[in-house]
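Both backbone and side-chain heavy atoms feed into the values below; hydrogens, waters and symmetry mates do not.
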Amino acid sequence: MTMSLFCSGELIRDPERKTSAKGTGYVTALLKAGEELLNLSAFDSGIADRLASLKKGAALAVSGRLQARPYTDRDGTLRAGLSIVVSELMTGSLPTTKAAPKPHRDRSQRPAGAGRAPFDDALPEF
């Protein structure tokens, strides 16, 4: 059974680029969503590049295929781990570019009323 999940949170460490045994590149990251830790994997090159460009503390939202992966913690206890194969990624902030400043318009040289349409017609009475 496949389940899809949409969640948001914060990266708790920098994403890592990895290569599979078959030579396929992918990116992994760890997302804290509320009290849950979710392992993220991105195989699509565009999504992987975007994920890899983020840093620890980045806010993001992801959607993708949810997988349950059991693991053994340091104490030897078997635990359920959650992993998402990311199919969509949205960051918490947009990249900014500095816009060119708008030219200053000197309005002191314009005569009063210049550039305005003359409205000398009478208003209708109701």
Side-chain angles (χ1 to χ4, degrees):
M1 176 169 77
T2 301
M3 293 181 65
S4 294
L5 177 73
F6 175 84
C7 67
S8 62
E10 181 178 302
L11 291 178
I12 62 169
R13 65 175 179 228
D14 289 346
E16 296 178 38
R17 286 193 180 272
K18 296 185 177 185
T19 305
S20 71
K22 294 182 178 180
T24 305
Y26 64 101
V27 174
T28 63
L30 191 58
L31 180 74
K32 182 172 183 178
E35 296 299 316
E36 295 295 324
L37 293 180
L38 301 164
N39 290 300
L40 305 179
S41 299
F43 296 96
D44 176 88
S45 62
I47 293 171
D49 289 343
R50 287 178 50 209
L51 182 58
S53 72
L54 301 174
K55 300 290 181 204
K56 176 182 177 180
L60 71 148
V62 296
S63 66
R65 191 174 71 240
L66 178 66
Q67 299 175 333
R69 305 231 173 190
Y71 70 96
T72 305
D73 68 10
R74 292 182 179 147
D75 299 328
T77 306
L78 186 62
R79 296 191 175 267
L82 296 176
S83 180
I84 300 175
V85 177
V86 180
S87 59
E88 293 183 59
L89 174 117
M90 295 154 278
T91 58
S93 62
L94 297 173
T96 58
T97 57
K98 191 169 184 176
K102 292 183 180 180
H104 176 70
R105 295 188 339 192
D106 184 8
R107 296 177 187 234
S108 64
Q109 303 300 320
R110 270 188 4 193
R116 296 184 186 151
F119 294 107
D120 56 357
D121 54 336
L123 294 173
E125 297 207 15
F126 295 97

Query raised in the report: Which heavy atom in V85 sits nearest to a heavy atom in F43, and how many Å separate them?
Result: CG1-CD1, 3.8 Å
**Report entry** Derivation and outcome, side chain to side chain contact (heavy atoms under 4.5 Å, CB included), residues R69 and N39
**Finding:** CA-CA 10 Å; R69 305 231 173 190; N39 290 300; over 6 Å; no
Requested in this report: Please answer whether the main-chain N or O of D75 pairs with a side-chain N or O of D73 as donor and acceptor at a distance below 3.5 Å.
Outcome: yes
Report task. Look only at the side chain of S87 and the backbone of S63, and say whether a donor-acceptor pair between them is shorter than 3.5 Å. Result -> yes
Query raised in the report: Is any side-chain heavy atom of L51 less than 4.5 Å from a side-chain heavy atom of R17?
Result: no
Requested in this report: Check the pair L30 / L38 against side chain to side chain contact (heavy atoms under 4.5 Å, CB included), numbers first and verdict last.
Outcome: CA-CA 6 Å; L30 191 58; L38 301 164; 6.0 Å; no
Query raised in the report: Linking I/L/V/M/F/W/Y whenever any side-chain heavy atoms sit under 4.5 Å apart, do L66 and V86 land together?
Result: yes
Requested in this report: Please confirm whether the backbone N or O of L89 pairs with a side-chain atom of R50, one donor and one acceptor, at under 3.5 Å?
Outcome: yes
**Report entry** D14 side chain vs K56 backbone, donor-acceptor pair below 3.5 Å
**Finding:** yes
Query raised in the report: Which heavy atom in G57 sits nearest to a heavy atom in E10, and how many Å separate them?
Result: O-CG, 3.5 Å
Query raised in the report: What pair of heavy atoms forms the shortest contact from L31 to C7, and how long is it?
Result: CD2-SG, 3.9 Å
Requested in this report: Name all residues meeting the side chain to side chain donor-acceptor pair (under 3.5 Å) criterion together with R74; count only those two or more places apart in sequence or in a different chain, and write none if there are none.
Outcome: none
